[in-house]
Amino acid sequence: MPSVVCNLWKQFQDAGSIERKPEQGRPRATTATEDRYLSIIARRNRGATVSQLSRDLYAATGTRVSRVTVSKRLQETGLFARRPAVCVPLTSTNRRVRLEWCREHRDWSMDHWATVLFTDESRFSLNTDSRRTFTWREPGTRYLPSNVREIDYYGGGGLMVWAGIMLDGRTPLHVFERGTVTGVRYRDEILEPYFAFSGVQLALSSF
């Protein structure tokens, strides 16, 4: 069986060159106009699935393409399917109070901040999330408002944990056992055990 080198040498002798001839390849499944349409509808509905986008394209143009083709066309325009950033929605009152707090403390010195403890609670789900959601976005735009999903509810079983940080250290991670975290539980499990005799000022993140 002739080797690759022999074939190249024979091609050079016959044609005087070993350049590969341009290949036709498979015809492109979409036109430039259809590519732009996919990009537009993906930006309008960034949470749409590739199946939805494929159906929308077919309904608008009559062109039926696979999910793989939809993903490739969107990637060519700089759109990639990524998990959305998640945040807790803030009301106008939340924003106003936080801004006032920042303005009141903007001139504090390091000595002032050394007596402040920032705390937060987070809930972690114990169930597998089988309904993964994605958003179509450009690289480097993870935290743009259009790519952030607000959520203030958690389905299924989970547990609540609490922790705090300050300039010279952090608290232990506290796990709330079963049940709702009420004001009484917060006092009994957090305030009294951790801060009854510390004299530390609390800067609660939920204000």
Side-chain angles (χ1 to χ4, degrees), residues 28-61 63-99 101-102 117-166 170-181 203-207:
R28 193 175 178 88
T30 57
T31 65
T33 301
E34 291 167 343
D35 295 343
R36 287 194 298 271
Y37 179 77
L38 279 174
S39 178
I40 291 172
I41 59 177
R43 284 181 166 85
R44 289 178 178 174
N45 182 12
R46 292 181 179 269
T49 65
V50 287
S51 296
Q52 291 173 334
L53 295 173
S54 178
R55 290 194 297 268
D56 290 343
L57 178 66
Y58 177 72
T61 66
T63 299
R64 192 185 300 276
V65 295
S66 68
R67 294 181 299 174
V68 174
T69 298
V70 172
S71 296
K72 287 182 178 180
R73 297 298 178 267
L74 293 178
Q75 291 174 11
E76 291 171 359
T77 63
L79 291 176
F80 299 85
R82 297 290 185 267
R83 292 294 299 271
V86 178
C87 72
V88 176
L90 296 178
T91 65
S92 57
T93 301
N94 294 143
R95 296 187 179 93
R96 177 180 55 79
V97 172
R98 293 188 178 205
L99 181 59
W101 190 91
C102 292
L117 176 72
F118 289 89
T119 70
D120 198 8
E121 307 88 33
S122 294
R123 178 177 294 277
F124 291 86
S125 175
L126 300 180
N127 296 332
T128 300
D129 182 9
S130 60
R131 297 178 298 176
R132 298 185 67 185
T133 58
F134 292 86
T135 183
W136 295 102
R137 64 175 176 84
E138 299 83 353
T141 62
R142 175 179 174 83
Y143 296 106
L144 289 182
S146 59
N147 298 328
V148 176
R149 183 166 61 98
E150 295 185 345
I151 181 172
D152 57 0
Y153 62 89
Y154 301 87
L159 55 85
M160 180 76 76
V161 298
W162 172 93
I165 59 172
M166 57 190 310
R170 61 187 179 183
T171 69
L173 185 66
H174 181 86
V175 179
F176 290 97
E177 298 299 335
R178 301 174 182 174
T180 304
V181 181
L204 301 177
S205 63
S206 57
F207 63 84

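These values consider heavy atoms only, across backbone and side chains, with no hydrogens, waters or symmetry-generated copies.
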Between T33 and R36, is there a side-chain donor-acceptor contact under 3.5 Å, judged purely by atom types and distance? yes

Considering all heavy atoms of both residues, which atom of L117 and which atom of G164 are nearest to each other, and what is their separation? CD1-C, 3.6 Å

Determine the minimum heavy-atom distance between G78 and P139, stating which atoms define it. O-CD, 3.5 Å

Test salt bridge (Lys or Arg N to Asp or Glu O under 4.0 Å) applied to D56 - qualifying residues, sequence neighbours left out: none

L38 and L53: which non-hydrogen atoms are nearest, and at how many Å? CD2-O, 3.9 Å

What's the spacing between R64 CZ and R55 CZ if we round to 0.5 Å? 10.5 Å

R95 side chain vs L90 backbone, donor-acceptor pair below 3.5 Å: yes

Checking side-chain polar atoms at under 3.5 Å, does T30 have a donor or acceptor matched by the opposite partner on R73? yes

Give me the atom names and distance for the closest heavy-atom approach of R142 to N147. O-CB, 3.6 Å

Under 3.5 Å, side chain of S54 to main-chain N/O of S66, donor-acceptor pair present? no

Could you check if a side-chain atom of T61 sits within less than 4.5 angstrom of a side-chain atom of T31, using non-hydrogen atoms only? no

For the residue pair R83 and F134, establish whether any side-chain heavy-atom pair is separated by less than 4.5 Å. yes

Pairs under 3.5 angstrom only: tabulate donor-acceptor contacts from the side chains of residues 39-49 to other protein residues two or more places apart or in another chain.
unit_1, atom_1, unit_2, atom_2, d
S39, OG, R43, NH1, 2.2
R43, NE, E138, OE2, 3.2
R43, NH2, E138, OE2, 3.1
R46, NH1, W136, O, 2.6
T49, OG1, Q52, N, 3.2

The criterion is salt bridge (Lys or Arg N to Asp or Glu O under 4.0 Å); which residues satisfy it with R96, sequence neighbours excluded? E100

Atom CZ of F80 and atom OG of S71: how far apart are they, to the nearest 0.5 Å? 10.5 Å

Mark yes when over 12 heavy atoms from residues, nucleotides or ligands other than R28 sit less than 6.0 Å from its CZ; otherwise mark no. yes

